[in-house]
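One structure is given below, represented as structure tokens, and several questions about it will come after.
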Amino acid sequence: MHNILVLPGDGIGPEVVAEAVKVLEHLHDEFGLKLELAHGLVGGASYDATGSPLPDVTLAAARGADAILLGAVGGQKWESLDIAVRPEKGLLGLRAELGLFANLRPARLYHQLADASTLKPEVVAGLDIMIVRELTGGIYFGRPRGIRTLENGEREGYNTLVYRESEIERIGRVAFDIAMRRGKRVCSIDKANVLECTELWREVMIRTGKDYPDVELTHMYVDNAAMQLVRRPRQFDVMVTTNMFGDILSDCAAMLTGSIGMLPSASLDATGKGMYEPIHGSAPDIAGKGIANPLATILSVAMMLRYTLDEPVLAERIERAVERVLDTGLRTADIHSEGTQKIGTVAMGDAVVAAMAD
Ligand code: NAD
């Protein structure tokens, strides 16, 4: 029995999560997936109801679940709140408390949506990259950090980039393991020519890679990687990198596909337990209109089945269904183009469920 905690969150979160839950329930009803779903509060919706973006009861449920399906958090309504109770704290709190150190962000271009990319179709056609980003260490968490006033009265901001060997090795292993199931190529991104911390990063990657003789390991400086992502993105299979470099590169890679409403993500702990969510935010501009694209969240369920629940066949069933729906020309507003049929969030969820039949 798989225990899944559903956290819809704010804005379009509840709308897209409802469609992903529909897919999960269909897998339960028709394909024998053993499933127990629990629902919880997170983000602004949780703040409104409880005064906290991550109440103890949600955290306890998250700890007890095998996997978490999250929509999105945030919105203008909560922007003036103290930073300690802002919706984003709910998300960051979950990541930190659950030790979700490995962020997996695939950037895949569906050939049916090749026109959506700002890059030429011949550059992005067939694009299928997995970015593995370290999520709980590096400069975003390193100490000391802050803003101090110098003797001359000028202020100085400072942060610390720090990685232990064990932190590098464990994210490296995630990347190598994933590469074994894909194209067997890992490109480790660093700035080893300037930053000692990433000199160590490269050394540990090479050492760890020796345990994976079937995987080809290459290295690239982050500035070159940014350039190569827009120049010749198909050269990459799996990219593994630090928290900050991954933050930037994964957004860049996502945009190569042109459609934020299509991209799922996973954040995993050391045991493979994970939180799954679309990469987009709560999209307050379209919330409540029934037009949000639920495919990123539905594809996050496919990632959940593959990486935590060990149900790769069902994961493929979802991914195939999404392809089929796109083949038939059905599109939500964000990916709609001439000659395709515009449908809403619920209709898109229904179409995916129908396309799962076989
Ligand atoms: P956003 O991703 O919410 O929206 C950016 C643009 O993309 C908007 O025009 C939106 O309408 C569109 N869009 C996003 N998802 C879509 C979907 N599924 N279907 C169709 N169109 C979609 O980013 P933003 O506007 O910068 O942020 C809005 C709020 O979301 C902010 O409060 C921000 O802090 C929060 N946010 C949350 C997360 C998260 O929960 N993981 C991530 C990013 C932003």
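Atoms within a ligand are numbered from 1 in the order they appear, just like the ligands themselves. The first residue in the sequence is number 1, and the count goes up from there. What you see is a predicted model; the values in this text were computed from it and never measured.
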message: Please tell me whether W201 and S188 have a donor and an acceptor in their side chains that are separated by less than 3.5 angstrom.
response: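 S188 and W201 do have a side-chain donor-acceptor pair below 3.5 Å.
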field: Location of contacts on E277 toward ligand 1, heavy atoms closer than 4.0 Å
entry: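 The answer is the side chain.
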message: For atom 16 (C) of ligand 1, what is the closest protein heavy atom, and at what distance to 0.1 Å?
response: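 Of the protein heavy atoms, I12 CD1, 3.9 Å lies nearest.
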- prompt: Any chance the side chains of D247 and Y140 put a donor and an acceptor closer than 3.5 Å?
  reply: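 The answer is yes; a qualifying pair exists.
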message: Quick one, V85 and K89 - any side-chain contact, counting heavy atoms below 4.5 Å?
response: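 No; the side chains remain at least 4.5 Å from each other.
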query: With a 4.0 Å cut-off, strictly under, does atom 24 (P) of ligand 1 pick up any protein heavy atom?
result: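 No, there is none.
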message: Under 4.0 Å, heavy-atom basis, I'd like to know which part of P284 is in contact with ligand 1: side chain, backbone, both or neither.
response: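 Only the side chain of P284 comes within reach of ligand 1.
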- prompt: Counting each atom of ligand 1 from 1 as listed, which ones have a heavy atom of A72 under 4.0 Å away?
  reply: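 Listed by number with element: 40 (O).
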query: Does a donor on one side chain sit under 3.5 Å from an acceptor on the other, for W78 and D10?
result: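 Not at all, the side chains of W78 and D10 share no donor-acceptor pair under 3.5 Å.
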Closest protein heavy atom to atom 7 (O) of ligand 1, given as residue, atom name and distance to 0.1 Å: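 Checking every protein heavy atom, the shortest distance to atom 7 (O) of ligand 1 gives I260 CG2, 3.8 Å.
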Candidate with minimal heavy-atom separation from atom 29 (C) of ligand 1, of S282, A296, G74: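 Checking each option, the heavy atom nearest atom 29 (C) of ligand 1 is found in S282.
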- request: Show your reasoning for whether side-chain contact (heavy atoms from CB on, under 4.5 Å) applies to L35 and L24.
  value: CA-CA 8 Å; L35 196 66; L24 271 171; 4.0 Å; yes
- prompt: Do T308 and Y276 have a side chain donor and acceptor closer than 3.5 Å?
  reply: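 Side-chain D/A pair, T308 to Y276: present.
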query: Applying a 4.0 Å heavy-atom criterion (strictly less than), which segment of V73 is in contact with ligand 1: side chain, backbone, both, or neither?
result: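 Looking at V73 and ligand 1, atoms from backbone and side chain both fall under 4.0 Å.
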query: Would you say the side-chain atoms of D66 pair up with the backbone N or O of N3, donor to acceptor, closer than 3.5 Å?
result: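 Confirmed, D66 side chain pairs with N3 backbone.
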- prompt: Is ligand 1 under 4.0 Å from a heavy atom in the side chain of I291, in the backbone, in both, or in neither?
  reply: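 The answer is neither.
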R170 to F101 six-membered ring, cation-pi geometry met (6.0 Å, 45°):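 Yes, cation above the ring, under 6.0 Å and within 45°.
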Non-hydrogen side-chain atoms of M205 and E169 separated by less than 4.5 Å: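 The answer is no, as the side chains (C-beta and beyond) never meet within the 4.5 Å cut-off.
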task: Look at the aromatic rings of F176 and Y212 and report parallel, tilted or perpendicular, splitting at 30° and 60°.
output: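 Parallel: the ring planes of F176 and Y212 meet at under 30°.
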message: Tell me the protein heavy atom at minimum distance from atom 39 (C) of ligand 1, and give that distance in Å.
response: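 The protein heavy atom lying closest is L91 CD2, 3.8 Å.
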- prompt: For atom 32 (O) of ligand 1, is the nearest protein heavy atom under 4.0 Å away?
  reply: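 Given the 4.0 Å limit, the answer for atom 32 (O) of ligand 1 is yes, a protein heavy atom qualifies.
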- prompt: Can you find a protein heavy atom closer to atom 5 (C) of ligand 1 than 4.0 Å?
  reply: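 No, there is no protein heavy atom closer to it than 4.0 Å.
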query: Looking at atom 9 (O) of ligand 1, what's its closest protein heavy atom, distance included?
result: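 Protein heavy atom at minimum distance: D285 OD2, 2.9 Å.
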- request: Decide, yes or no, whether a salt bridge links R145 with E156 under the criterion of side-chain N to carboxylate O below 4.0 Å.
  value: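 Here R145 does not pair with E156 in a salt bridge, since their nearest N and O are not under 4.0 Å apart.
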query: Among all protein non-hydrogen atoms, which one is nearest to atom 22 (C) of ligand 1, and what is the separation to 0.1 Å?
result: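 The closest heavy atom on the protein side is I286 CD1, 4.0 Å.
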- request: Quick one: look at N293 and ligand 1, take heavy-atom pairs under 4.0 Å, and tell me if it's side chain, backbone, both or neither.
  value: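 N293 to ligand 1: contacts from backbone and side chain alike.
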query: Considering only heavy atoms of A292, which atoms of ligand 1 have at least one such atom less than 4.0 Å away?
result: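 In order of number, 19 (N).
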Nearest non-hydrogen protein atom, atom 3 (O) of ligand 1: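 Among all protein heavy atoms, the one nearest atom 3 (O) of ligand 1 is A283 N, 2.8 Å.
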message: Checking contacts here: is it the side chain or the backbone of T332 that comes within 4.0 Å of ligand 1, counting heavy atoms only? Could be both or neither.
response: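 Near ligand 1, T332 shows nothing, with every heavy atom at 4.0 Å or more.
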task: Can you establish whether the number of heavy atoms outside Q76 located under 6.0 Å from its atom CD is more than 12?
output: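 Not more than 12 within 6.0 Å, no.
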message: What protein heavy atom lies closest to atom 34 (O) of ligand 1? Include the residue and the distance to one decimal.
response: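 Result for atom 34 (O) of ligand 1: E88 OE2, 3.1 Å.
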Closest candidate by heavy atom, reference atom 42 (C) of ligand 1, pool G281, G90, G75, A287: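 Residue with the shortest heavy-atom distance to the ligand atom: G281.
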